[in-house]
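Below you'll find the structure, written out as structure tokens, and then a few comments.
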Amino acid sequence: MTKQVRVRFAPSPTGYLHVGGARTALFNWLFARKTGGKFILRIEDTDLARSTQESVDGLLRDLKWLNIDWDEGPEKGGDYGPYFQGERQEIYKKKALELVEAGLAYYCFCTDEELEAKKQIAEAEHKSLHYDGTCRNLSSDEVKRRLEAGEQGAIRLRVPDKDYFIDDIVRDRVEWKAGNVGDFIILRSNGMPVYNFAVTVDDALMKITHVIRAEEHLSNTLRQLIIYEAFGVEPPKFAHASLILGADKSKLSKRHGATSVGQYAEEGFLPEALVNFLALLGWNEGNDREIYTVPELIEAFSIERLTKAPGVFDKEKLLWLNGHHLRNMPPEKLVDLIRPVIQAALPEKPELLETEMLVKLLEQIQVRMTLVSDAADLAKAIYVSKEPEDEESINILEEAKKTPLFDSLIKHFETCEWNKDGYNTAIKESGKEAGVKGKNLYMPLRLKLTGEQHGSDLVGLLDLLGREEVLKRLKK
RNA sequence: GCCCCCAUCGUCUAGUGGCCUAGGACACAGCCCUUUCAAGGCUGCGACAUGGGUUCGAACCCCAUUGGGGGCGCCA
């Protein structure tokens, strides 16, 4: 029996979820859901200065918005906790000491100044910049004495002089020749673990089977391998996905525009669209498919088909996908998303917030929405009466006023049955009486009603506005 | 400087030696549909970084060059 898949997403809390992190989380999550494994969320809050409750909350909020749920982690617990690195300090210390006792790591009392000086000399002599091993062979008596004397010591790993490699699931074999790294620190003199040590200890203890992460961590893997080896633990499988780039092809950062999931949520993107987009940025099924629902993604996903080459974050395509998912959403569901938007846009018309009214509104505007937030302007264009300002529109209205069109419309609208057939007939009759048809009939009517040349279907518009409002606007 | 990764249309990508005069999608342009705008449909524009090999045959395999990216901390 193959062991159950256990994957993790291990962000450091910076207050929000970066889209790159979101994609990493998504890949892990999809893999777990696909294989029936566990998805673990672990917070790397070793850097306490940046790790506040708020920043953790922001992270969890964004993940939840994306509908990425975790099986173990914050708010959930689990058998392999704690899931905050900040609460695992004793574990790292204990594990580092184990290595010291086994002779695989050692205390180093070199000061920053000494190390800096050594580095400079090495540089000048064009030698390796690696740690020179000054404290490598201190006797245990001396170590004991210096520690008892109150000296602060860091713990360094004794790095074997040998080659290492991984068989990365997306990159195949990646090799490092011996001598790539010197004895590196695993536990700082203040007792805090170094990143590579903490992740490795955690991944090992949490029985992580697959490490799916971005390529920026590929180089770190070497040190992690050495640590796994020191502990005699078999490393997990690795899958290094490509990076997400900005338009200038450098790693996506804030200067490229919105990078946090929260920003996209606020802008009016749908989580299912962002998920669809992110999944396709660096992964594909091997066919031409572009549109996926979340269950379809779970079904189709495989880490073997992650892409090697980095990809540019193309907001245009995200926008298109969002429009697509929006149009495909059942109005009854979309209603809940646009209700707050409409409420904010038209606070003076609370009656519009009724589900029935919103569904009717969506019949008119849904096909023209790209973002959820578009509902605001589209609804205003309908419900807020206004005068056209551009010359062309004014001319069209002037021309119409030379005919009895508006008077006829008023007359017919006052008496016709207020339903689709009713006003269709009314419009046609009025057109006949005024001697206009086609564009010359519909355009002035639309302009008179909404002040705009373009917009939703006229018949639907009449229906939405109601007889009273229509007559009011025509008589104005 | 050293190490590692990557390289197909502007962008996301399909492609694993003959099916490729390189397919799809976004964007862009045109047309159609249509009372307008959207949406939708159709058409067009548009790429295998370069140079060497290997092979009967290379987008696909190998090497080099170039270009891009990432990593080299008592940061994560």
Side-chain angles (χ1 to χ4, degrees), chain A residues 10-14 44-47 49-51 85 108 110-112 115-116 119 123 126 128-131 152-156 168 170-171 174-177 179-182 184-196 198-199 214-223 240 242-243 245 247-251 277 280-291 305 307-321 323-324 327 364-370 374 378 381 427 431 437-447 450 452-459:
Chain A
S12 57
T14 50
E44 310 228 322
D45 57 347
T46 324
D47 181 6
R50 275 199 284 169
S51 306
Q85 285 193 336
C108 171
C110 295
T111 63
D112 281 347
L115 292 171
E116 186 53 37
K119 214 172 183 177
E123 214 159 289
H126 298 287
S128 158
L129 268 52
H130 299 155
Y131 178 62
Q152 299 273 302
I155 295 179
R156 281 184 193 274
D168 193 276
V170 350
R171 274 150 227 286
V174 178
E175 299 172 289
W176 292 271
K177 291 268 182 310
N180 236 303
V181 288
F184 58 91
I185 287 173
I186 55 176
L187 199 77
R188 298 187 187 103
S189 47
N190 66 5
M192 300 280 276
V194 148
Y195 169 75
N196 281 306
V199 223
E215 195 207 307
E216 53 191 324
H217 286 107
L218 189 53
S219 311
N220 283 322
T221 310
L222 170 59
R223 286 165 195 249
H240 286 94
S242 53
L243 252 27
L245 273 26
D248 65 352
K249 304 235 175 187
S250 68
K251 189 172 153 183
F277 175 75
L280 250 26
L281 185 53
W283 170 85
N284 75 80
E285 199 183 341
N287 54 27
D288 291 339
R289 190 157 182 196
E290 305 279 348
I291 308 291
R305 289 208 55 91
T307 290
K308 286 184 189 182
V312 174
F313 190 97
D314 181 11
K315 196 172 174 182
E316 289 294 336
K317 189 154 185 175
L318 208 208
L319 243 12
W320 168 75
L321 266 172
H324 185 92
R327 267 170 250 125
Q364 296 307 304
I365 67 171
Q366 187 167 358
V367 73
R368 252 164 313 126
M369 290 171 66
T370 298
D374 288 341
L378 291 168
I427 293 171
K437 60 181 177 181
K439 213 173 173 179
N440 292 330
L441 168 57
Y442 287 92
M443 194 57 89
L445 176 55
R446 177 187 299 284
L447 271 169
T450 67
E452 286 181 17
Q453 287 192 41
H454 308 301
S456 63
D457 173 66
L458 257 181
V459 170

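Each chain gets a letter, A, B and so on, in the order its sequence line appears, and its residues count up from 1.
- With both ends at atom C1', the span from B/A29 to B/G68 equals 31 Å, rounded to whole Å.
- Rounded to whole Å, the C1' atom of B/A25 lies 30 Å from the corresponding atom of B/U66.
- Comparing the same atom, P, in B/A39 and in B/C28 gives a spacing of 10 Å after rounding to whole Å.
- If you check every strand for non-hydrogen atoms under 4.0 Å, A/G323 touches nothing.
- For B/C61 and B/G40, the C1' atoms lie 44 Å apart once the distance is rounded to whole Å.
- Partners of A/E452 by salt bridge (Lys or Arg N to Asp or Glu O under 4.0 Å), not counting sequence neighbours, listed by chain and number: A/K386.
- Applying the side chain to side chain donor-acceptor pair (under 3.5 Å) criterion to A/R305, with sequence neighbours excluded, gives A/N284.
- At a threshold of 4.0 angstrom between heavy atoms, the contacts of A/N287 with the nucleic acid are absent.
- A/R368 and A/S456 make their closest contact through NH2-CB, 2.8 Å (heavy atoms, listed as atom of the first residue, atom of the second, distance).
- Atom CD in A/E44 sits 12.0 Å away from atom OG1 in A/T14 (nearest 0.5 Å).
- Mapping A/W283 and A/P11 onto RNA chain B via the closest heavy atom, the residue that lands nearer the 5' end is A/W283.
- Looking at heavy-atom distances under 4.0 Å, A/L280 makes contact with sugar-phosphate atoms alone, never a base.
- Remark: P of B/A39 and CG of A/L319 are 11 Å apart, rounded to the nearest angstrom.
- Partners of A/H324 by side chain to side chain contact (heavy atoms under 4.5 Å, CB included), not counting sequence neighbours, listed by chain and number: A/I291, A/R327, A/N328.
- Comparing the P positions of B/G30 and B/A38 gives an interatomic distance of 12 Å, to the nearest angstrom.
- Of the possible donor and acceptor atoms, one in the side chain of A/T221 sits under 3.5 Å from a partner among the backbone N and O of A/L218.
- Base pairing of B/C56 is made with B/G18, judged by Watson-Crick or G-U wobble geometry with both donor-acceptor distances under 3.5 Å.
- With values rounded to the nearest 0.5 angstrom, A/L458 atom CG is found 4.0 Å from A/R446 atom CZ.
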Any N/O pairs under 3.5 Å between the protein and nucleotides 64-66 of chain B? List them or say none.
none

Residues 308-318 of chain A, side-chain donor-acceptor partners within the protein, below 3.5 Å, at least two apart:
residue	atom	partner	partner atom	Å
A/D314	OD1	A/E316	N	3.2
A/K315	NZ	A/E267	OE1	3.0
A/K315	NZ	A/E267	OE2	3.3
A/K317	NZ	A/E290	OE1	3.1

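- The nearest whole Å value for the distance from the NZ atom in A/K315 to the P atom in B/C12 is 18 Å.
- To the nearest angstrom, P of B/A76 lies 13 Å from CZ of A/R223.
- A cation-pi arrangement is absent between A/R156 and A/F184 under the rule of less than 6.0 angstrom and at most 45 degrees off the ring axis.
- Nucleotides B/A22 and B/C9, compared at atom C1', are 10 Å apart to the nearest Å.
- Checking B/G68, B/G71, B/G73 against every side-chain atom of A/K249, the shortest atom distance belongs to B/G68.
- Across all strands shown, B/C72 is found opposite B/G1 as a Watson-Crick or G-U wobble partner, with both distances under 3.5 Å.
- Regarding A/N190, its CG atom lies at a distance of 18 Å from the P atom of B/G73, rounded to whole Å.
- One interatomic measurement links the two molecules: NZ of A/K251 to P of B/A76, which rounds to 15 Å at whole-angstrom precision.
- Computed from coordinates, the A/L245 CG to B/G69 P distance equals 8 Å when rounded to whole Å.
- With sequence neighbours excluded, the residues satisfying side chain to side chain contact (heavy atoms under 4.5 Å, CB included) with A/S189 are A/Q152, A/A154.
- Pairing for B/C26 goes to B/G10, judged as Watson-Crick or G-U wobble with the two contacts each under 3.5 Å.
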Identify the pairs formed between an N or O of the protein and an N or O of nucleotides 36-38 of chain B at a distance under 3.5 Å, and give each distance.
residue	atom	partner	partner atom	Å
B/U36	O2'	A/H454	ND1	2.1
B/U36	O2	A/G455	N	2.8
B/U36	O2	A/G455	O	3.0
B/U36	N3	A/R446	NH2	3.1
B/U36	N3	A/G455	O	2.7
B/C37	O4'	A/H454	ND1	3.3
B/C37	O2	A/R368	NE	2.9
B/C37	O2	A/G455	O	3.4
B/A38	O2'	A/V367	O	3.1

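- When atom types are taken as modelled, the side chain of A/D45 and the backbone of A/Q85 share a donor-acceptor pair closer than 3.5 angstrom.
- Under the 3.5 Å distance criterion, the side-chain polar atoms of A/R188 are matched with a main-chain donor or acceptor of A/P193.
- Mapping A/L187 and A/L281 onto RNA chain B by nearest heavy atom places A/L281 closer to the 5' end of the strand.
- Rounded to a whole Å, the CG atom of A/L222 is 15 Å from the C1' atom of B/G70.
- Straight-line distance between the P atoms of B/G18 and B/C60: roughly 12 Å, to the nearest whole Å.
- Contact record, A/T307 with A/V170: O-CG2, 4.4 Å, taken as the closest heavy-atom pair.
- OP1 or OP2 of B/A14 lies within a sub-4.0 Å distance of a side-chain N or O belonging to A/N284.
- Listed by chain and number, the residues in a side chain to side chain donor-acceptor pair (under 3.5 Å) with A/R289 are A/E296 (sequence neighbours excluded).
- On the C1' atoms, B/A47 is 35 Å away from B/C72, given to the nearest whole Å.
- B/G70 atom C1' lies 14 Å from atom OH of A/Y195, rounded to whole Å.
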N/O contacts under 3.5 Å, protein versus nucleotides 1-8 of chain B?
residue	atom	partner	partner atom	Å
B/C5	O2'	A/R171	NH1	2.4

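- Contacts of A/N180 classified as side chain to side chain donor-acceptor pair (under 3.5 Å), with partners at least two apart in sequence or in another chain: none.
- With sequence neighbours left out, the side chain to side chain donor-acceptor pair (under 3.5 Å) criterion links A/E216 to A/K251.
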Per-nt protein contacts along nucleotides 24-31 of chain B (heavy atom under 4.0 Å; B base, S backbone sugar-phosphate only, - none) come out as BBSS----
